[in-house]
Each structure stands twice: as C-alpha cells, then as structure tokens.
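Working notes, beginning with the structure itself.
Just so we're clear, the structure is a prediction, and the values are computed from it rather than from any experiment. Per chain, numbering begins at 1; letters A, B, ... match sequence-line order.
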Protein chains: 2
Amino acid sequence: MTHPLQPASRAPQWPHGANANDPELEALVREIIGRIADKWTMLVIEALAERGCLRFTQLAAAVGGVSQKMLTKTVRQMEADGLLVRTVYPVVPPRVEYRLTEMGMSLAEAFCGVWLWAEQHRHVIEASRRAYQAQAEGEGESTP
Amino acid sequence: MTHPLQPASRAPQWPHGANANDPELEALVREIIGRIADKWTMLVIEALAERGCLRFTQLAAAVGGVSQKMLTKTVRQMEADGLLVRTVYPVVPPRVEYRLTEMGMSLAEAFCGVWLWAEQHRHVIEASRRAYQAQAEGEGESTP
DNA sequence: CAGTATCCAGCTGGATACTG
DNA sequence: CAGTATCCAGCTGGATACTG
C-alpha cells in the first residue's frame, strides 16, 4: 500500500497531488482563485445561476447591498474572464442583460462544495469562535 | 423534456436549491466564505494539508511571500475558527507547531473542486481576457 | 524562534452627482 | 436604465524595529 519511493508521512492529503509542487501553476491558480473569491463575484454567479438571465438593476437587487460602481466593475471583470455574457440592446432607455456562460455555470458547480461545507460547519465554527473569545478574555482578566 | 409546472428557462442551475432563498443563512455563509477565501487562508490550508505539521517559519516558507504580521493574523483567525490547532512548546527558543483539524482538512477537500476548476479553465480564461483586452483597445483606436 | 508594536502607502469600495 | 466620474474615509497589509 505504501510507496517505497515516497515517504508515507508526507503523503499528499491535498486531494490534487499533481500541481502541489508546481510554483508556476500555483501562482496562476492563486491569481484566478483570488479573483473569483472576491466579495461580489460569487454572489453574482449565484444570482445568475438561480435566475438565468437578469438586467443590471435586477442583478443589483438579487445580489443585495452592492453599489453601482462595484457591480459594474464585477460584471465587467467577469465578462473579460468569460464567466458571463453581457448583451446590450440598442433601445431607449438602455437594456442590458447578463447571463452566465457554460464556464460560469461550471464554476458555480465547482464552488458548490465550498458552499455546502460552509453550511455544514457554520455551527461548529461559531462555537469555536465563542470558545476562543472566552478563553482570550479569561486570560486578560487578572489585570482589570 | 420541459416541466409544465416550472419554467424551464428559470430552472435552478445552482446545485443546492435548499438555501438559495434564505437570506439569513446566506448572510452567514457569505461571511464564512469571505473569511476562508482571503488571500492567505487557502494557502495555509494547502501547505498544512500537504505537509501535515509545520512550525511558524516553515509555514511562512511553504506559503511564500507572506509577511510575519499577516501569517500571524491568518493562523490566529484559523485557530479561532477551529481550522487548525496551534501547539506551543515551552522551550527556549520557542517552538510553535501548526496542524490542521479534521474540519480544516474537510475544507481543503471541499475547496478542491474550485482548485481543479481553476486549473482546468485557466487557459480559456486567459484567452478570454486577451480577446476582451484586444477588443477594448480596438474600440478606442479612432482617437490616438 | 515566534512573535508584538508602530508607521504608513496604497488599494477598496461607498456616497454622491451627473449623463447618453 | 445603465451606467461614468469624482471624492474620500477606512481598511489592508508591507516594512521596519524591537522582545521574551
């Protein structure tokens, strides 16, 4: 079972062994992840994955709490990355629709694992935070 | 093929239909995701998932490019969330070891889907960016 | 070794006003 | 309607110096 040429205690528990030691690939993946993991991108993906196709104002309402500036910036970035398509209808008043590409939908699916994880562990995380907080306060108690 | 009671064009493509409309849960999940998706947390998780157990300096080297301040902040946060355990050995010079908890490892697995996605799509994303960039430059060309 | 403390430049992103 | 333009407060995070 153990491989003689590979120390068992250092076996990759990170589920994708292939790229773990490749610094170039890691830098690229890091940049992509950093980009998709920003505050609004995932929420835009979720909104569009749920509703299919939305206009700018509808998208803003679906995301919730996003400023015009940030929504514009986010969707432009996502368009450049090929995660969504932006369709401008030459009418007055303007009408612009946003829809996920296939790649955008596949990202929604890939991110589903993290979403489920967060859902499943949130109570444990919150309990852990409270315990940590309580302990930290207990330690500083001797000097009131 | 099409379901008569459910408009096909609005069918939920987001793979977890259960929580999609729950604003409370969404706020919590959003906060958790925002936390784990910061610049260093995922890299710390990757480093520890790969190597098992590391001292502070080893961890800094494995993550790469992180300042002492940010690494301290990140691991403290992760400790509070229950993603890793921090073991201090009362020796001189100090020795502190970091190791993922089971929850931390499960997060590494959950995030694997996103990692693979990024790996698989990076060439498409880069091509898309170049195309977008080229088009944007072509449009502003008439006024040099 | 594994931090803490301090300073500060630069980015982020909200608010507001304006426009084709 | 779907943006753009501008201003600016606040947070982020790097650099540096210091310490039990």
Spatial distance of atom SG (A:C53) from atom CG (A:L100) [nearest 0.5 Å]: 9.5 Å
Set of ring-ring contact (aromatic ring centres under 6.0 Å, His included) partners for B:W117, sequence neighbours left out: B:H121
Of all pairs that satisfy salt bridge (charged side-chain N to carboxylate O under 4.0 Å, His left out), the ones with a partner from residues 65-81 of chain B, not counting sequence neighbours: A:R129-B:D81, B:R35-B:D81
Given C:dT4, D:dG3, D:dA2, the nucleotide with the shortest approach to the side chain of A:R76: D:dG3
Test side-chain contact (heavy atoms from CB on, under 4.5 Å) applied to B:L59 and B:L48, step by step: CA-CA 8 Å; B:L59 186 55; B:L48 291 177; 4.0 Å; yes
Nearest-angstrom distance from the residue atom CD of A:Q58 to C1' of D:dG3: 16 Å
Test side-chain contact (heavy atoms from CB on, under 4.5 Å) applied to A:Q77 and A:T41, step by step: CA-CA 9 Å; A:Q77 180 75 71; A:T41 301; 5.9 Å; no
Short side-chain to backbone donor-acceptor contact, B:Q58 and B:R55, under 3.5 Å: yes
Listed once per pair and sorted, the side chain to side chain donor-acceptor pair (under 3.5 Å) pairs that draw on residues 90-99 of chain B, sequence neighbours left out: B:R86-B:Y98, B:Y89-B:E97, B:R95-B:E97
Whole-Å distance separating the CG atom of B:L59 from the P atom of C:dC1: 15 Å
For DNA chain D, the dot-bracket pattern of Watson-Crick and G-U pairs whose distances stay under 3.5 Å, | for other-strand partners: ||||||||||||||||||||
Spacing between A:E97 atom CD and D:dC1 atom C1', to the nearest angstrom: 13 Å
Test log, rule side-chain contact (heavy atoms from CB on, under 4.5 Å), inputs B:V66 and B:L43: CA-CA 10 Å; B:V66 64; B:L43 297 171; over 6 Å; no
Spacing of A:Y89 atom OH relative to D:dG3 atom P, expressed in whole Å: 13 Å
Contact letters for nucleotides 6-20 of chain D, in which S counts primed atoms plus P, OP1 and OP2 and B counts the base, heavy atoms under 4.0 Å: BB-----BBB----B
Atom pair CE/CD of A:M105 and A:E109 - distance to nearest 0.5 Å: 9.5 Å
Phosphate OP1/OP2 of D:dA2 contacted by A:T57 side-chain N/O (<4.0 Å): yes
Close approaches to DNA chain D from residues 80-88 of chain A, in residue order (heavy atom, under 4.0 Å): A:R86
Short side-chain N/O contact to D:dC1 OP1/OP2 from A:R55, under 4.0 Å: no
A:S106 OG to B:Q120 CD distance, which is reported to the nearest 0.5 Å: 8.5 Å
Phosphate OP1/OP2 of C:dG3: any B:Y98 side-chain N/O under 4.0 Å: yes
From CD (B:E46) to CH2 (B:W40), nearest 0.5 Å: 12.5 Å
